[in-house]
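Here the structure is laid out as structure tokens; the discussion comes afterwards.
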2 protein chains.
Amino acid sequence: MSSCRIGEAAQHVGMSADTLRYYERIGLMRRALRDGGGRRAYTDAELERLRFIKRAQAMDFKLAEIRQLLELRDHPPSARVEARRLAHDKLAEVIERLRTLRHLRDELRLLLNLCLGAEQCPILELNPHPLKRVAPAIRKRQPAARHRHAAR
Amino acid sequence: MSSCRIGEAAQHVGMSADTLRYYERIGLMRRALRDGGGRRAYTDAELERLRFIKRAQAMDFKLAEIRQLLELRDHPPSARVEARRLAHDKLAEVIERLRTLRHLRDELRLLLNLCLGAEQCPILELNPHPLKRVAPAIRKRQPAARHRHAAR
DNA sequence: GCTTGACTTGGAGTCTACTCCAAGTCGGAA
DNA sequence: TTCCGACTTGGAGTAGACTCCAAGTCAAGC
């Protein structure tokens with residue numbers, strides 16, 4: 001059972017010390033024990049928990065979702081079913097986003113190709129069909145972070 | 001040359017009146033003319049500009065990028081080359097993001113399948129290889145909006 | 001004339017995930 | 001002992017894209 005200070009811990013898991021403090025503040029991590037000088041002493045278990053958080057973020061889970069996953073890890077009994085649901089939901093999101101992006105890719109390619117020949121650059125209209133003043137039927141924007149979550 | 005007030009304009013283009021005010025405030029739209037009562041009077045050209053903004057957003061362009069596109073529209077001479085570059089850059093982004101998401105989709109599918117048979121739910125480790133304590137080589141998260149852009 | 005919905009302005013607030021600041025402590029190295 | 005990097009805390013700030021607030025005006029309809 002070793003422990004390390006915040007700077008070292010941060011380095012181990014590839015995050016900033018400030019991020020670790022932030023996670024403690026918002027409750028994603030429990031309050032770390034302090035050493036005699038009042039400094040945080042991270043255990044191996046805590047480093048592992050941080051690594052889990054990092055992996056989850058790499059998989060596009062938001063902190064709120066990660067919080068849920070962490071809670072499931074803390075209460076194994078019914079964890080499996082719920083964890084499956086979270087992963088399933090995330091998969092559905094990803095698949096949907098893939099659809100949207102494929103469509104967007106195709107649209108952009110088309111615009112770029114048309115730009116080569118057209119007299120009017122279609123990119124400046126974002127409309128591949130200059131003669132039809134109809135906006136392209138692009139899927140509504142993926143809802144960005146809520147803040148501008150003008151749910152687009 | 002007709003004109004309409006902000007509420008009507010907002011409805012026409014599918015945005016909120018507040019968003020239109022915001023766009024004027026940040027300079028994405030020029031200051032609209034005011035009627036005798038001090039209220040904004042949107043021209044058809046301005047409605048069209050707003051529609052362009054909306055189309056660009058649907059194509060994952062950020063407001064800063066949209067600003068650039070709008071400027072190109074205002075100065076046609078060298079617009080084409082620059083517009084091509086912006087669209088090309090966006091296409092590259094989209095393609096890269098598609099790669100990342102495909103990988104993530106596969107990873108999630110694997111985890112969900114493994115979850116069915118494993119004694120330990122691999123989702124709660126976010127690691128398809130329980131015997132190998134190595135984090136999955138997931139691509140670094142797509143940089144979200146800068147704010148949390150914790151470049152993920 | 002009165003009512004009321006639409007609108008004005010400047011500025012603050014929201015969301016998410018951090019990051020920075022300021023003032024002070026700790027402790028290892030010189 | 002002194003120096004200085006690492007660390008503490010509470011709180012404010014950042015980014016991007018909105019959205020809400022408060023106090024007041026406008027004008028159509030009754």
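Letters A, B, ... are given to chains in the order of the sequence lines, protein chains preceding strands, and every chain is numbered from 1.
Here the C1' atom of nucleotide dC18(C) and the CG atom of L20(A) are 12 Å apart, to the nearest Å. Taking atom OH on Y42(B) and atom C1' on dC7(C), their separation rounds to 11 Å, with Å as the unit. If you take CG of D18(B) and C1' of dA22(D), they are 13 Å apart, rounded to a whole angstrom. dA17(D) atom P lies 11 Å from atom CG of D60(B), rounded to whole Å. The separation between R40(A) atom CZ and dT25(C) atom P is 18 Å, rounded to whole Å. In this entry the distance linking CD1 of I26(A) with P of dC18(C) reads 8 Å, nearest Å. Atoms CD1 (I6(B)) and P (dC26(D)) sit 17 Å apart, rounded to a whole Å. Between the CZ atom of R67(A) and the C1' atom of dA17(C) there is a distance of 12 Å, rounded to whole Å.
The backbone N or O of I6(A) lies less than 3.5 Å from no partner atom in the side chain of R39(A), so there is not a single donor-acceptor pair.
Regarding contacts with the backbone of dT9(C), a side-chain N or O of R31(B) is found under 4.0 angstrom from either OP1 or OP2. Not one side-chain nitrogen or oxygen of R34(B) sits closer than 4.0 Å to the OP1 or OP2 atom of dT8(C). Distances shown here put every side-chain N or O of R39(A) at or beyond 4.0 Å from the OP1 or OP2 atom of dG5(D).
When distances run from any side-chain atom of Y22(B) to the nucleotides dT8(D), dT19(D), dT8(C), the shortest one goes to dT19(D). Comparing dC18(D), dC26(D), dT19(C) by their nearest atom to the side chain of T19(A) picks out dT19(C). Listed nucleotides dA17(C), dT8(C), dA17(D) differ in distance to L63(A); the shortest reach to its side chain belongs to dA17(C). Taking only side-chain atoms of R25(A), from C-beta outward, the nucleotide of dC7(C), dA17(D), dT19(C) with the closest atom is dT19(C).
A salt bridge (Lys or Arg N to Asp or Glu O under 4.0 Å) with E24(B) is found for one member of R49(B), R34(B), R30(B) and no other, namely R34(B).
Among the heavy atoms of the strands lying under 4.0 Å from R21(A) is at least one base atom, whether or not backbone atoms are also near.
Comparing D35(A) and S16(A), the nucleotide of DNA chain C nearest to each residue sits closer to the 5' end for S16(A). The 5' end of DNA chain C is approached more closely, in terms of each residue's nearest nucleotide, by E24(B) than by the other of R5(A) and E24(B).
Rounded to the nearest 0.5 angstrom, R84(A) CZ and L112(B) CG are separated by 5.0 Å.
Within a 6.0 Å sphere centred on CG of L33(B), heavy atoms belonging to other residues, nucleotides or ligands number 12 at most. Within a 6.0 Å sphere centred on CZ of R102(B), heavy atoms belonging to other residues, nucleotides or ligands number more than 12.
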